[in-house]
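Okay, structure first, notes after.
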Amino acid sequence: MDYDPQELEADWRARWDAEGRYEPDPTTTADPDDEETTFITVPYPYPSGGMHIGHARTYTVPDVYARYRRQQGDDVLFPMAWHVTGTPIIGAVERLEKREEKQMSVLQDTYNVSDDVLSDLETPMGYARHFIEEHYKTGMQSLGLSIDWRREFTTNDDRYSKFITWQYETLKERGRLEKGLHPVKYCTEQENPVTTHDLLEGEDVEYQEYTLVKFSQGETTIPMATLRPETVRGVTNAYINPDSPYVEATVDGEQWLVSVEAAEKLDLQDHDVEIHREFQGSEFVGEHVTNPVTGDEVLVLPAEFVDSDNATGVVMSVPAHSPDDYLALQEAKADPDRLEAYGIDPAEVEAIEPVPILDVEGYGEIPAKDAVESAGITSSNDPDLKEVTQDVYNAEFHTGRLHDAYGEYADELIEDVRDELANAYREQGDFGAMYDFPEPVVSRAGGKVVVAYQDTWFLTYNDEDWKAEAKRVVDQLDTNPANTRGEYDHTIDWLNEWPCIRNYGLGTKLPWDDSFVIEPLSDSTIYMAYYTIAHRLDEIPVEDLDREFFDALFYGEDAVEGEADKRALDLRDEWQYWYPVTQRFSANDLISNHLTFYLFHHAELFDEAQWPDGITIMGMGLLEGEKMSSSKGHVVLPGKAIENYGADTVRFFLLNSAEPWQDYDWRAEQVEGVEKQLRRFWNRAQELIDADEPDVDPQTDLKHIDRWLLSKLQTTIESTTQALENAETRSASQAAFYGFEEHLKWYRRRADLDRPGAQWTLRHVLETRLRLLAPFIPFMTNELHEQLTGTPAEDAPWPEVESEWQSARTETEERQIERLTDDIQDILNVTDQDPETIRVYVAADWKQSVFETVRETGTNVGDVMSEVMQVPDLRERGNAVNQLVQDLVELVRSLDDETLAVLDEIDETSTYETAVGFLEREYDATVEIYAEDGEGIDDPEDRASKAVPFRPAIHIE
RNA sequence: GCGAGGGUGGCUGAGCCAGGCCAAAAGCGGCGGGCUUAAGACCCGCUUCCGAAGGGAUCCCUGGGUUCGAAUCCCAGCCCUCGCACCA
């Protein structure tokens with residue numbers, strides 16, 4: 001039978017579907033407490049676009065583990081659902097409705113959406129449904145993922161919303177939700193919060209918290225915005241933009257002077273703002289204001305470089321530590337006419353000198369001056385100024401130490417005390433704060449985007465007791481790979497309160513305020529529990545799924561007052577049967593949020609027995625060495641790949657090219673290589689299947705080389721199993737497939753394959769390998785295993801090591817033969833001769849006895865020598881013994897204890913004699929084996945004396 | 001900056017955790033050979049340098065160190081990639 005993956009795979013898919021092969025229900029035979037159930041999850045896909053080959057791997061890795069556990073005899077649940085919460089799908093639909101060029105190209109060129117179905121995509125769920133059905137589900141089924149499709153749902157389903165409602169009501173009741181204000185990106189045009197997706201300009205810009213140093217003039221506060229609050233003692237003057245409009249306003253009961261834009265932002269940031277008067281900045285130029293910390297009066301100078309749309313629009317000048325300020329001051333001094341025009345006495349400006357407030361390594365007393373002068377910068381327009389400024393800021397932040405005037409903060413590193421210092425002044429009322437972007441941000445609606453405070457609900461991940469519980473979850477978690485454990489702890493440590501609602505989007509409404517929607521990372525923290533009951537929940541009317549229902553389901557009948565819902569208690573059994581999640585597979589970048597949320601929520605809502613058992617992290621995918629990008633069309637669709645190579649090839653490549661947590665790279669050339677290898681495997685298997693089953697008694701009819709292969713098979717079973725236990729799909733498939741191919745290559749060369757014993761060995765090996773490979777390439781292995789034995793590979797148990805075939809001795813003997821073969825080949829390569837006779841000389845008995853001594857005495861040359869010289873027979877040989885000891889000490893050092901012990905049992909001469917036939921075939925020459933000190937030795941060129949134990953001398957003629 | 005990962009032969013990429021069968025897997029590419037009317041497919045061998053005997057030299061980012069022995073362990077340095085929050 002020829003290998004036709006398309007036909008073969010279609011058959012198996014149909015069979016699986018018809019028999020509901022992967023639809024497990026709780027059984028009475030499996031004991032869930034006895035780890036006979038395995039529950040595997042992977043993040044449900046977000047169908048805002050199609051599936052590509054990167055997604056294919058994400059879902060195939062857990063499938064391999066699922067298939068492995070099934071062969072190990074477990075009840076395995078591997079479900080799938082669809083995440084549609086939030087705005088990306090809505091945004092995609094909006095862009096489709098506007099027929100945006102980029103969006104149309106993604107849909108039509110990348111994902112082949114045809115014109116006649118385009119209109120179906122114009123509702124959010126219609127859009128999602130299209131990609132679910134036409135891409136994800138089809139793709140997953142083609143890949144042969146062993147998913148229980150009965151349990152499928154979307155996060156926009158009514159019943160799912162009921163479940164999330166229960167979750168959030170419960171969390172609120174337990175005090176894990178709090179209402180508060182939070183800075184958000186806000187479009188002043190639409191008067192609505194916006195997400196990164198909604199931005200036209202400044203997508204990457206993060207908002208920053210500016211410290212406002214509250215300078216004053218009489219009753220009026222002039223808040224100077226700065227990102228470096230510690231420089232407050234270095235202020236020599238202030239700057240205002242003379243051409244921009246400013247206002248006098250009452251802010252939270254104080255008289256403030258800020259730019260017009262700043263007044264609007266402060267208003268949005270929950271300050272009580274009342275504007276009294278608007279005026280030009282020039283009006284305030286030449287005034288004096290008082291530093292709240294030092295009490296010094298400083299002069300307000302005019303500066304066009306001040307952006308009134310950044311923070312308060314008034315800034316303080318620290319010429320000693322800011323190259324910008326230093327140059328601005330120099331330029332001001334150089335232009336007395338301009339100063340006079342503003343009514344400023346040039347002499348007063350001339351008298352201003354930089355005031356250093358910290359010492360920093362690598363710079364002089366006045367770092368800004370130093371930096372500017374050594375870089376040769378003389379103008380504030382110099383393009384290099386930006387870099388120089390950044391260098392000074394960095395150096396000062398990381399290595400700058402404050403002067404004595406800072407009292408308790410003196411001599412401390414800026415990076416250690418900046419926040420502390422700012423907070424202290426803020427508490428005294430000398431400092432304030434506001435949020436703003438350092439660069440302009442514009443929404444797609446064309447409106448300016450600013451930072452606004454919005455009423456929001458937080459998950460209080462900053463609660464210390466909750467953090468402590470989450471850490472307990474980590475403590476009992478099996479983190480894979482092991483070195484990710486610290487990342488969870490680290491995330492728990494720095495995780496702050498998390499705003500868990502949005503103003504709009506798909507998903508579940510906040511139960512007590514339906515103007516908000518629970519956001520995607522917050523409605524997906526315990527949904528794994530929902531899988532266990534999803535298919536049976538469909539039979540229950542939505543309105544019955546209230547608080548009490550889920551309380552009974554998850555907490556038992558005692559958790560509800562009165563009679564618990566019988567249906568809920570029924571479902572409880574299934575929940576408890578599968579829970580907890582045995583292994584969750586997820587992306588490595590989700591540790592810092594989603595996965596850690598998952599731990600937090602389980603810690604809070606469920607008992608320890610239901611906490612996650614394990615998490616395996618997955619890496620990223622590249623395509624031909626580059627990042628995949630659906631908008632650039634740089635993707636490979638699974639459907640196309642399967643059509644080209646077959647699902648087994650696609651799976652095998654994805655699983656074998658890297659471990660799950662490593663990044664991998666889809667390269668067409670290499671995928672083709674895999675296809676070739678699998679085809680060859682298939683063809684060789686067919687030859688064995690077609691041949692008659694030999695009548696062999698393995699106890700008597702096998703030769704040394706057969707036993708060698710069977711011994712190697714046991715090692716392969718061992719390493720494949722161990723690797724899969726850790727979800728190391730690469731090591732496992734590498735061992736079972738490529739690793740063993742290497743052994744087979746040698747076996748084919750060494751053995752006479754027509755013997756019944758060899759045929760039996762090959763069939764036995766094939767059967768075992770088919771089972772080992774079944775999780776990776778289920779279609780091909782099922783088919784071949786069924787042809788060979790009548791049962792599909794997936795229904796056969798996972799192979800166990802057959803210890804009767806394990807033999808270190810056989811392997812070591814074969815190793816000696818291999819070495820001898822290589823040595824002969826080496827000599828032939830160098831001498832370039834055509835051999836007629838090859839003579840092999842095994843070392844003499846006295847040499848063997850020296851080897852014995854080294855083995856027993858250890859690898860200290862002195863010790864061995866004194867031991868050996870006790871023997872008169874050896875002492876006579878003097879130098880020869882000395883040389884031999886050196887060699888043997890080196891040999892013994894390179895061997896492990898087991899091999900050393902085995903060598904003791906091996907008879908070299910008879911080992912080589914078994915290989916004479918092979919060597920004669922191999923080199924088309926006569927092969928003779930002699931003992932160096934044996935009778936009738938033929939040694940024409942005196943080579944026998946060169947023999948060393950386990951390193952025979954060779955003569956070729 | 002914080003956190004994580006990494007630098008290996010023409011390329012991709014194992015090995016490193018548990019130091020020694022490591023001149024360093026496998027694939028790709030290249031070279032040679034077999035099979036074939038031929039092409040493809042398939043199979044075999046070679047692919048750092050030197051060598052007319054299984055050997056030697058140099059080698060795993062750089063520089064030190066530990067050790068009988070280092071791609072592997074330790075220290076210092078250089079370089080690269082990824083994530084860092086309201087985006088799923």
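Chain A is the first sequence line, chain B the second, and so forth, proteins listed ahead of strands; every chain is numbered from 1.
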Taking the nucleotide of RNA chain B with the nearest heavy atom to each, does A/L521 or A/A658 sit closer to the 5' end?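 Upstream on the strand: A/A658.
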
Closest-nucleotide ordering on RNA chain B, the 5'-leading residue of A/Q670 and A/R951: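 The answer here is A/Q670.
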
Expressed as a whole number of angstroms, how long is the span from [X]:[atom1] to [N]:[atom2]?
X      : N      : atom1 : atom2 : value
A/Y488 : B/rG83 : OH    : C1'   : 14 Å
A/I591 : B/rA85 : CD1   : C1'   : 15 Å
A/L590 : B/rG3  : CG    : C1'   : 15 Å
A/Y664 : B/rG13 : OH    : C1'   : 17 Å

Answer yes or no: does a side-chain N or O of [X] lie under 4.0 Å from OP1 or OP2 of [N]?
X      : N      : result
A/R730 : B/rG27 : no
A/S48  : B/rA88 : no
A/Q662 : B/rA14 : yes
A/R680 : B/rC43 : yes

Under 4.0 angstrom, heavy atoms only, what part of the nucleic acid is A/R749 near: base, sugar-phosphate, or nothing?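 Sugar-phosphate contact only - A/R749 comes under 4.0 Å of backbone atoms but never of a base.
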
Could you check whether A/D823 gets within reach of a base, just the sugar-phosphate, or nothing at all, counting any heavy atom under 4.0 Å?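 Base, at least one base heavy atom under 4.0 Å.
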
Taking B/rA25 as the reference, what is the distance to B/rU37 when you measure between their P atoms (whole Å, please)?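 Nearest-Å result for B/rU37 against B/rA25 at atom P: 37 Å.
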
Please state the P separation for the pair B/rU72 and B/rU67 - nearest whole angstrom.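 Pairwise P distance, B/rU72 against B/rU67, rounds to 16 Å.
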
